There are 2 protein chains.
Amino acid sequence: MGNSKLYRGSLHTIILKLLEEHGKMYGYEITQKVKEITKGELNITEGALYPALHKLEAEELLDVEIAKVENRLRKYYKLTEKGSIETESKLKELEEYIRNMHTLVNAKWSI
Amino acid sequence: MGNSKLYRGSLHTIILKLLEEHGKMYGYEITQKVKEITKGELNITEGALYPALHKLEAEELLDVEIAKVENRLRKYYKLTEKGSIETESKLKELEEYIRNMHTLVNAKWSI
DNA sequence: ACTTATGCATAAGAAGATTATGTATTATAT
DNA sequence: ATATAATACATAATCTTCTTATGCATAAGT
């Protein structure tokens, strides 16, 4: 992923949340959406993304549906019910992480 | 470190910032301080901490000073000038990471 | 024609953690 | 008195997650 090591560990959270918001997405679309939202600051590499999607699918957090669009293969992913629950859990974890880090570094800024 | 995988990648930032604030600290003290600040939510393991301190020292971001207190060994670490600069850089990275994640997950909460 | 964009995938290696283990002294609880 | 917890360091084996490199294939732009 990105440049900063801080992103390590947050890819699953990002994927789950994007799928929660957009219903269904395919891998390449996720990379583009992330690039767009972060204005190019975070680029998810394929070597990180695809294994992550496969893992989430294996954990039954995602369902996959194959489609052929303009003679090109797409694998659309969407949250399972289990995946929706996990998403909420991951978001709470993220919030706690951010609050803790904010306190730890005694940050002056807020979001 | 802690329970959440999100902390992966943030240990160096935590160490550097704590040293910036407290002048000098020894390893065990860092683990206790982090536990205290996060009310037990983040526990830095020794297997993560000591290699991290050694690495930061090898990168000349930290200076070390050995002391014997009550017949027990302590290794006090403090920031070098290079370490102070790196600390500011790491804090900016953290801020950017948090802003990006906040946007990505379309979070309703703020800090 | 060549490069970029779209779209998937995997394998080798690095990095940063966990878990387990080791040493040693001091304080506390039973 | 004696076992356990706390203090204080360290490292080795293993795991996870990422980067980097590579591979295949089609479509679009230059």
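Since the model is a prediction, treat every value here as computed from it, not as a measurement. Just so it is clear: chains get the letters A, B, ... in the order the sequence lines come, proteins before strands, and each one is counted from 1.
Between B:Glu36 atom CD and D:dA6 atom C1' there is a gap of 16 Å when expressed in whole angstrom units. One can place CD1 of A:Ile44 at 13 Å from C1' of D:dT17, the figure rounded to the nearest angstrom. One interatomic measurement links the two molecules: OH of A:Tyr77 to P of C:dG7, which rounds to 14 Å at whole-angstrom precision. D:dC24 atom C1' lies 15 Å from atom NZ of A:Lys75, rounded to whole Å. Regarding B:Ile66, its CD1 atom lies at a distance of 12 Å from the C1' atom of D:dA8, rounded to whole Å. Straight-line distance from the CZ atom of B:Arg74 to the P atom of D:dA6: 17 Å, rounded to whole Å. If you measure from atom CG of B:Asn43 to atom C1' of C:dA17, you get 14 Å, rounded to the nearest angstrom. The interatomic distance linking B:Glu65 (CD) with D:dC9 (C1') rounds to 16 Å, in whole Å.
Using modelled atom types, one finds a donor on one side chain and an acceptor on the other under 3.5 Å when comparing A:Arg74 with A:Tyr76.
Counting any heavy atom pair closer than 4.0 Å across all strands shown, B:Arg72 reaches a base atom.
Of the candidates A:Ile15, A:Leu42, A:Leu11, A:Leu42 is the only one forming a side-chain contact (heavy atoms from CB on, under 4.5 Å) with A:Val34.
Put simply, A:Ile85 and A:Tyr77 are part of two different groups of oily side chains (I, L, V, M, F, W, Y) that touch within less than 4.5 Å, one to the next.
Side-chain contact check for A:Lys17 versus A:Lys90: every heavy-atom pair is 4.5 Å or farther apart.
Residues B:Tyr7 and A:Tyr97 place their aromatic rings such that the two centres sit under 6.0 Å apart.
Taking every heavy atom of both residues into account, B:Glu46 and B:Pro51 meet most closely at O-CD, 3.7 Å.
Shown for residues 46-61 of chain A: residues whose heavy atoms fall under 4.0 angstrom of DNA chain C, namely A:Glu46, A:Gly47, A:Tyr50, A:Pro51, A:His54. Listed by residue number, A:Lys5 are the residues of residues 3-15 of chain A with a heavy-atom contact under 4.0 Å to DNA chain C.
A:Tyr26 has a side-chain polar atom (N or O) that falls below the 4.0 Å cut-off from OP1 or OP2 of C:dG7.
Salt bridge annotation for A:Glu29-A:Lys33: absent, with no cationic side-chain nitrogen under 4.0 angstrom from a carboxylate oxygen.
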With a 3.5 Å cut-off and sequence neighbours excluded, list the donor-acceptor pairs that the side chains of residues 52-72 of chain B form with protein atoms.
unit_1, atom_1, unit_2, atom_2, d
B:His54, ND1, B:Tyr50, O, 3.3

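Residue B:Asn71 places its side chain closer to C:dT25 than to any other of C:dT25, D:dA8, C:dG7.
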With side chain to side chain contact (heavy atoms under 4.5 Å, CB included) as the test, would you mind laying out the steps for B:Lys35 and B:Gln32 before giving the verdict?
CA-CA 5 Å; B:Lys35 198 185 291 185; B:Gln32 299 309 301; 4.2 Å; yes
